[in-house]
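Take this structure first; my questions come after.
Predicted model, so just to flag it, every value in this text is computed and none were measured.
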Amino acid sequence: MTTATAHRAPAAPLFGESADFAGTGQLLRLYLRRDRIVLPLWSLLIGLMPAFQVVSIKDLYTTQTQLDDFARTTADSPALVAMYGPVFSTELGSIGTWKAGAMYTMIAIATILTVVRHTRVEEETGRAELVGATSIGRFAGLTAALIMTFGGALIAGIACAASLYATDLPAAGSLAFGAALAASGIVWGAIAAVAAQVSAGARVARGVAFAALGAAFALRAVGDAGNGVLSWFSPIGWALQIRPYADERWWVLLPLAAVTVLATGAAYALLASRDTGSGLLAERPGPAAAAPGFAGPVALAWRLQRGTLLAWTVGFALYGLLIGGAVNSVSDMLDDSGAITDLVTRMGGSESLEESFIAYAITMLAAAAGAYSISAALRLHDEESSQRAEATLAAAVGRTRYALSHIGFALAGPAIALLTAGLAIGVVYGLSTGELGEKLPESLAAAAVQVPAVWVVTGITVAIFGVAPRYTPVAWGVLSGMIVIFFVGSLDGLPQWIVDLVPFVHPPKLPGAAFEATPILWLLGIAAALLAVGIAAYRRRDLR
């Protein structure tokens, strides 16, 4: 169906000026049909999350004095400033959207994945060459991908501005935050378009784009925690500097627009200068025979997964260091809130705000580890879609052994990343309090109990892949829904039975709560059952 749709002769070039753009409208409709679920999902979820954050701040801080104390305490904590950026005003809007600044990074991830999927992945699988052999123009695929991605970012920005304004925040600040969110998605979509021209492989293209995003986050974090100069070298820093609800700086949208134009132009120029299916970085031919250590499907999976595992582990370690440094500031930030008792109860029932903060932070890290787990498990889907799995399975390799080689990384990788984050939190927090021997085991235990919850997400992904491989990417939507339910449920906005559908709420909230083995065993059982279903279905179905 997809191929037939792509081969329909276009009525006229979308822009009317060049045959290079012929068929853009047809490809755009094709891409929209393929992303008819995923695109609206990430656009609306990311767009609505800032409003949820504002509602939670309204419940916690009911007086201007509390807001003033929050802003002062945050400014005095370099770790908190590095994690989320500075608070530019003591107004409710500025403080309410402070942590929501993380959505600038989330929308960047969404647009990077979308652009690479519809550009480099299409070339890697040979579909772009097949479509390009018809009357489709050379630039049609890239143009359609950018139009769809930029449109998704605009939808997120509009939803964000409208939902923030609906919470009775000023219209100017709401519009500024929505514009910053949309601009962040657009600029990183353009950067992803450049990354897609660099390598002949989608994996490297995503790696290049995410490396640039990581560098931008690091520059912003170091700059905001210091004198602020380095933040101006980061597109993420520019988005924060628009300063919604704090004398908005509309002119900061100009450098974001300039980078978008330059990156988009560079992507088109690079596309025009290379062959279809190739990249600017030529792939080096490998040796004629593999080393003994690279024999077998496990070694192949290690070769494919090791870079991603290292990148996620390093990222979790850095974030753990920031969380560990911020723990001591929690009491000063929240101690005057009249709703703090209710907050502590929802986050695990601990009498210590520091312990509750660690439990909550590690729960959110577990959700991020779920994203890594999905990414690792989806390698099976990518290998099958690109027909490389068929060549591997044609040898003396069984399906179960082949599947477990990648599923093993989807299980072990998140555990390694989470425990690394727990180690970083425990070391920094323990050294700051002089109780390293006590805080380190507590933080490691808090990370360890969340691992089975992440494995449930792994099981869901594998089950979908085995039973209905066409819909495997829906696992991203499942995780996104879990995160939204977790946020809304923490505000008592949903029935408990809906909140219970999120696996991350069931592990004991260590270090504050008492350890209970029952929820851990249930999560392990559910994860094992889902994995068994997925593997059994994969063994019996035909390859796509």
Query raised in the report: Would a distance-only check, ignoring hydrogens and angles, find a side-chain to backbone donor-acceptor pair under 3.5 Å from T111 to I107?
Result: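 Flag set: sc T111 to bb I107 pair under 3.5 Å.
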
Requested in this report: Using the side chain to side chain donor-acceptor pair (under 3.5 Å) rule, collect all pairs that involve residues 167-177, keeping only residues at least two apart or in two chains.
Outcome: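 Residue pairs with at least one partner in residues 167-177: S174-Y245.
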
Report task. Return the minimal non-hydrogen interatomic distance between S94 and V87, and the atom names on each side. Result ->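 Residues S94 and V87, closest heavy atoms: OG-CG1, 4.0 Å.
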
**Report entry** For A424 against G320, the heavy-atom pair lying closest together
**Finding:**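 Here A424 and G320 meet closest at CB-C, 3.8 Å.
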
Query - Non-hydrogen side-chain atoms of P414 and V451 separated by less than 4.5 Å - result: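 Side-chain contact under 4.5 Å: no.
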
Report task. Check the pair R470 / H381 against side-chain contact (heavy atoms from CB on, under 4.5 Å), numbers first and verdict last. Result -> CA-CA 9 Å; R470 178 180 178 183; H381 179 265; over 6 Å; no

Query raised in the report: Do F504 and V454 have side-chain heavy atoms sitting under 4.5 Å apart?
Result: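 Yes - at least one pair of side-chain heavy atoms lies under 4.5 Å apart.
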
Query raised in the report: In terms of ring plane angle, is the pair W312 and Y372 parallel, tilted or perpendicular, where the classes change at 30° and 60°?
Result: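 Aromatic pair W312/Y372 classed parallel.
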
**Report entry** F409 and R379, any side-chain heavy atoms less than 4.5 Å apart
**Finding:**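 Result no, sub-4.5 Å side-chain heavy-atom pair not found.
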
Query raised in the report: Looking at CD1 of I186 and OG1 of T149, how far apart are the two atoms once the value is rounded to the nearest 0.5 Å?
Result: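 So the CD1 of I186 and the OG1 of T149 are separated by 10.0 Å.
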
Query raised in the report: Step by step, would you call I374 with I460 a side-chain contact (heavy atoms from CB on, under 4.5 Å)?
Result: CA-CA 9 Å; I374 292 175; I460 292 172; over 6 Å; no

Query raised in the report: In Å and rounded to the nearest 0.5 Å, what is the CD1 to CG distance from I362 to L444?
Result: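 Taking CD1 in I362 and CG in L444, the distance rounds to 8.5 Å.
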
Query raised in the report: Under 4.5 Å between any side-chain heavy atoms of F210 and L113, yes or no?
Result: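 Side-chain contact under 4.5 Å: yes.
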
Requested in this report: Keeping the roles fixed (side chain from T97, backbone from G93), state whether a donor-acceptor pair exists under 3.5 Å.
Outcome: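 Here the side-chain-to-backbone pair exists.
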
Query raised in the report: Please, which pairs that meet salt bridge (charged side-chain N to carboxylate O under 4.0 Å, His left out) have at least one residue in residues 101-119, sequence neighbours excluded?
Result: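 Only D35-R117 qualify under salt bridge (charged side-chain N to carboxylate O under 4.0 Å, His left out).
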
Requested in this report: Could you tell me whether a side-chain N or O of S184 sits under 3.5 Å from a main-chain N or O of A180, the two making a donor and an acceptor?
Outcome: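 At least one qualifying donor-acceptor pair exists.
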
Requested in this report: Using side chain to side chain contact (heavy atoms under 4.5 Å, CB included) as the criterion, list what pairs up with I155, not counting sequence neighbours.
Outcome: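 Testing I155 for side chain to side chain contact (heavy atoms under 4.5 Å, CB included), a comparison that skips the adjacent residues, returns S43, L44.
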
Requested in this report: Decide side-chain contact (heavy atoms from CB on, under 4.5 Å) for V38 and W476; before the verdict, give the C-alpha distance in whole Å, the side-chain angles of both, and the deciding distance to 0.1 Å.
Outcome: CA-CA 8 Å; V38 176; W476 290 111; 5.9 Å; no

Query - side chain to side chain donor-acceptor pair (under 3.5 Å) contacts in which one or both residues fall within residues 405-426, not counting sequence neighbours - result: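 The answer is Q305-H406.
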
Requested in this report: Can you measure from CD1 (I236) to CG (L240) and round to the nearest 0.5 angstrom?
Outcome: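 These two atoms lie 8.0 Å from each other.
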
Query raised in the report: With sequence neighbours excluded, what pairs up with L32 under the side chain to side chain contact (heavy atoms under 4.5 Å, CB included) test?
Result: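 Result, side chain to side chain contact (heavy atoms under 4.5 Å, CB included) vs L32: L28, L39, M148.
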
Report task. Could you tell me whether the side chain of V457 reaches within less than 4.5 Å of the side chain of M482, counting heavy atoms only? Result ->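 With C-beta onward as the side chain, the pair touches.
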
Query - Partners passing side chain to side chain donor-acceptor pair (under 3.5 Å) against H506 (at least two apart in sequence or in another chain) - result: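 Applying side chain to side chain donor-acceptor pair (under 3.5 Å) to H506 gives none.
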
**Report entry** Shortest non-hydrogen separation from A172 to E248 and the atoms involved
**Finding:**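 Closest approach of A172 to E248, heavy atoms only: C-OE2, 3.9 Å.
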
**Report entry** ring-ring contact (aromatic ring centres under 6.0 Å, His included) contacts in which one or both residues fall within residues 168-192, not counting sequence neighbours
**Finding:**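 Qualifying pairs, neighbours excluded: Y104-F177.
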
Report task. Answer yes or no: is there a donor N or O on one side and an acceptor on the other, between the side chain of W238 and the main chain of L253, under 3.5 Å? Result ->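 It does not hold such a pair.
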
Side chains of residues 516-525: which donor-acceptor partners sit under 3.5 Å, not counting sequence neighbours?
none

Query raised in the report: Side-chain contact, heavy-atom cut-off 4.5 Å: L380 with I407?
Result: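 Heavy-atom side-chain distance check passes, below 4.5 Å.
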
Query raised in the report: Do the non-hydrogen side-chain atoms of L440 and Y429 ever get within less than 4.5 Å of each other?
Result: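 Result no, sub-4.5 Å side-chain heavy-atom pair not found.
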
**Report entry** Closest non-hydrogen atom pair between T90 and L67, with its separation
**Finding:**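 Closest pair (atom of T90, atom of L67, distance): O-CB, 3.6 Å.
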
Query - Residue list, ring pair (Phe, Tyr, Trp, His ring centres under 6.0 Å) with F217, at least two apart or on another chain - result: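 By the ring pair (Phe, Tyr, Trp, His ring centres under 6.0 Å) rule, F217 matches no residue at all.
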
Report task. Supply the atom-to-atom distance T363 OG1 to I483 CD1, rounded to the nearest 0.5 angstrom. Result ->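 Rounded to the nearest 0.5 Å, the OG1-CD1 separation comes to 12.0 Å.
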
Query - From CD1 (I425) to NZ (K439), nearest 0.5 Å - result: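 Rounded to the nearest 0.5 Å, the CD1-NZ separation comes to 13.0 Å.
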
Report task. Provide the full list of salt bridge (charged side-chain N to carboxylate O under 4.0 Å, His left out) pairs with a residue in residues 213-223, sequence neighbours left out, each pair given once. Result ->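 Output for this query lists R220-D224.
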
Query raised in the report: Between A145 and H118, which heavy-atom pair has the shortest distance, and what is it?
Result: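 Shortest heavy-atom contact: CB-CB, 3.8 Å.
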
Query - Residue pair L530, V462: steps toward the side-chain contact (heavy atoms from CB on, under 4.5 Å) verdict - result: CA-CA 7 Å; L530 289 169; V462 173; over 6 Å; no

Query raised in the report: Can you tell me if R34 uses its side chain to pair, donor with acceptor, with the backbone of Y31 under 3.5 Å?
Result: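 Absent.
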
Query raised in the report: Just by distance, do the side chain of S443 and the backbone of L423 share a donor-acceptor pair under 3.5 Å?
Result: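 Not a single qualifying donor-acceptor pair exists.
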
Query raised in the report: Got a sec, which residues hit side chain to side chain donor-acceptor pair (under 3.5 Å) with T114, two or more places apart in sequence or on another chain?
Result: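 With neighbours one apart ignored, the set is empty.
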
Requested in this report: Rounded to the nearest 0.5 Å, what's the gap from CH2 on W455 to CG on L411? Could you check?
Outcome: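 Answer for the CH2-CG pair, W455 versus L411, is 6.0 Å.
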
Query raised in the report: So do F88 and Q241 actually touch side chain to side chain, heavy atoms under 4.5 Å?
Result: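 The answer is yes; the side chains approach within 4.5 Å.
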
Query raised in the report: Do you know the tightest heavy-atom contact between P452 and V449?
Result: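 Where P452 meets V449 most closely, the heavy atoms are CD-O, 3.4 Å.
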
Query raised in the report: What pairs with L404 under side chain to side chain contact (heavy atoms under 4.5 Å, CB included), at least two apart in sequence or on another chain?
Result: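 Partners of L404 by the side chain to side chain contact (heavy atoms under 4.5 Å, CB included) criterion, ordered by chain and then number, come out as T400, I535.
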
